[in-house]
Protein chains: 2
Amino acid sequence: MTVDLERLGRSLKRVQHRDHRALDAALRETGISLVQWDALRAIDRAPGSSAHALAAASFQSDQAFGTLASRLVSAGYIERRPGPGRRIEHHLTTDGHDALDAGRRATDRVWRALFGSLDSEQRMTLQLLLDRLLASEPGDDAG
Amino acid sequence: MTVDLERLGRSLKRVQHRDHRALDAALRETGISLVQWDALRAIDRAPGSSAHALAAASFQSDQAFGTLASRLVSAGYIERRPGPGRRIEHHLTTDGHDALDAGRRATDRVWRALFGSLDSEQRMTLQLLLDRLLASEPGDDAG
DNA sequence: TTTCCTATCTCAACATATTGATATAAGTAC
DNA sequence: GTACTTATATCAATATGTTGAGATAGGAAA
């Protein structure tokens, strides 16, 4: 039987959309959005990174990350310091670390709920299939 | 072995993001965005629908669909006519039908390229796993 | 008919993302 | 040192999405 690829794509989109909404809602109680929390995680994984590097790490344009970072500065979650060349180094503030931890606690439950309908083996299968999709070049020829 | 759910979620997001970009790029040659083309598809599936119904069908707020529809009107792709109550009925124009068809031709190749790294059985497995995720209530308890 | 509820649409403010253009720092070539 | 290139950041315009707050049409209840 042939799978309808449009439907497959729409299902992927819906799952991702649902994940986003559920995580965002859980984080709202801690006063931060999913996107902003994601950025805090990226900075925490590689403190001192440039905006350019962080944008690449979160699969965004430099511009998008720039505005996001400026909102995080306004909120007091991160600090930006000049680095070599045009680079700007990013670091979490104490508030930023706190928000990151609060977010971790808030999202932990949500992840388990979102994937609760899959057993261990199914989750692994899903991960493997997604890895395979991501490993292939988007421009690859296909039959 | 236990699957890292955060990683699983991030993989889902990346796949969806890549799909979006690839389809959007293919559609750009036809002069329309993926989001707008998606709306044309929804209207074509149920001509005469209200903005409220179409918003629900595309998993969006009424407001988001409203601004999208007004852009589609400006572009000459759809017409809006008053219906019963406060409802507004949505219909494709001739240009809208043309854009829809052009989009179909442009996206066909892309879908096959995006999922080219999965064989038939793997695609079906992926669809089944996503269906299972979507069938479960997001609020469900999970262990 | 006044009140209330629900459905539907819209306005306003804002967050997030895109493309395109521009500016600046540093390195490389001549 | 001037020109070219690359890396990095930013401005501007715009598309897309959210929440919150109305506004209006129609039906139900008193």
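Basis for what follows: all heavy atoms, side chains included, without hydrogens, waters or symmetry-related copies. Convention: sequence-line order gives letters A, B, ...; per-chain numbering from 1. Just so you know, these numbers come straight off a predicted model, no measurement behind them.
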Asker: Could you say whether B/Q63 or A/Q63 is positioned toward the 5' end of DNA chain D, judged by the nucleotide with the nearest heavy atom to each?
Answerer: A/Q63

Asker: May I have the distance from B/R80 (atom CZ) to C/dT8 (atom P), rounded to whole angstrom?
Answerer: 14 Å

Asker: Tell me which of A/F59 and B/S49 sits closer to the 5' end of DNA chain C, going by the nucleotide each one is nearest to.
Answerer: B/S49

Asker: Whether the side chain of B/T93 engages the backbone of B/Y77 through a donor-acceptor N/O pair (distance < 3.5 Å, no angle test) should be reported.
Answerer: yes

Asker: If you assign each of B/G85 and A/A53 to its closest nucleotide in DNA chain D, which residue comes earlier from the 5' end?
Answerer: A/A53

Asker: Looking only at side-chain N and O atoms, does A/S61 come under 4.0 Å of OP1 or OP2 in C/dT19?
Answerer: no

Asker: In whole angstrom, what separates B/H90's NE2 from C/dT8's C1'?
Answerer: 11 Å

Asker: Quick one: label A/S33 by what it contacts on the DNA or RNA (base, sugar-phosphate, nothing), any heavy atom closer than 4.0 Å.
Answerer: sugar-phosphate

Asker: Take the protein atom CG of A/L72 and the nucleotide atom P of C/dT16, then report the distance between them rounded to whole Å.
Answerer: 8 Å

Asker: Grab the CG-P distance between B/L27 and C/dT18 for me, whole Å please.
Answerer: 17 Å

Asker: Would you work out how much the helix from C/dT1-D/dA30 to C/dC30-D/dG1 bends between its ends, with each end axis defined by five base pairs, to 10 degrees?
Answerer: 0°

Asker: Side-chain N or O of A/Q60 versus OP1/OP2 of C/dT18: is the shortest distance under 4.0 Å?
Answerer: no

Asker: For the pair B/W37 (side chain) and B/L100 (backbone), establish whether a donor and an acceptor sit closer than 3.5 Å, ignoring hydrogens and angles.
Answerer: yes

Asker: Within the pair A/R87 and C/dA25, is there a side-chain N or O less than 4.0 Å away from OP1 or OP2?
Answerer: no

Asker: What is the distance, rounded to the nearest whole Å, between atom CD of B/Q16 and atom P of C/dA17?
Answerer: 13 Å

Asker: Just call it for B/A64: base, sugar-phosphate, or nothing, with non-hydrogen atoms closer than 4.0 Å on any strand.
Answerer: base

Asker: Measure from the side chain of B/H52, starting at C-beta and using heavy atoms only, and say which of C/dT10, C/dT16, C/dC9 lies closest.
Answerer: C/dC9

Asker: Would you say B/T107's side chain and B/V110's backbone share a donor-acceptor pair under 3.5 angstrom?
Answerer: no

Asker: Just the rounded figure in Å: distance from C1' of C/dA7 to CD of B/E89.
Answerer: 15 Å

Asker: What is the distance, rounded to the nearest whole Å, between atom CD of A/Q36 and atom P of C/dC14?
Answerer: 14 Å

Asker: Measure CZ/A/R71 against C1'/C/dC14 and give the value in whole Å, please.
Answerer: 9 Å

Asker: As an exercise, state the distance from CD1 of A/I88 to CG of A/L54, rounded to the nearest 0.5 Å.
Answerer: 11.0 Å

Asker: Can you establish whether the number of heavy atoms outside B/R132 located under 6.0 Å from its atom CZ is more than 12?
Answerer: no

Asker: With heavy atoms under 4.0 Å as the rule, sort B/S50 into base, sugar-phosphate or nothing.
Answerer: sugar-phosphate

Asker: Which is the 5'-most and which the 3'-most nucleotide of DNA chain D that has an atom under 4.0 Å from a heavy atom of chain A?
Answerer: D/dT8 to D/dT19

Asker: Is A/L130 close to B/L8 at the side-chain level, that is, under 4.5 Å between some pair of heavy atoms?
Answerer: yes

Asker: Quick check on the hydrophobic clustering: are B/V15 and B/L134 connected, directly or via other members, by side-chain heavy-atom contacts under 4.5 Å?
Answerer: yes

Asker: Just by distance, do the side chain of A/D24 and the backbone of A/L34 share a donor-acceptor pair under 3.5 Å?
Answerer: yes

Asker: Quickly, which of A/E89, A/H91, A/H90 forms a side-chain hydrogen bond (donor to acceptor under 3.5 Å, both in side chains) with A/R81? Name it, please.
Answerer: A/H91

Asker: Is B/H17 touching bases, backbone alone, or none of the nucleic acid, heavy atoms closer than 4.0 Å?
Answerer: sugar-phosphate

Asker: Can you check whether B/A99's main-chain N or O pairs, donor with acceptor, with B/R104's side chain at less than 3.5 Å?
Answerer: no

Asker: Are any of A/R86's side-chain N or O atoms less than 4.0 Å away from OP1 or OP2 of C/dT22?
Answerer: no

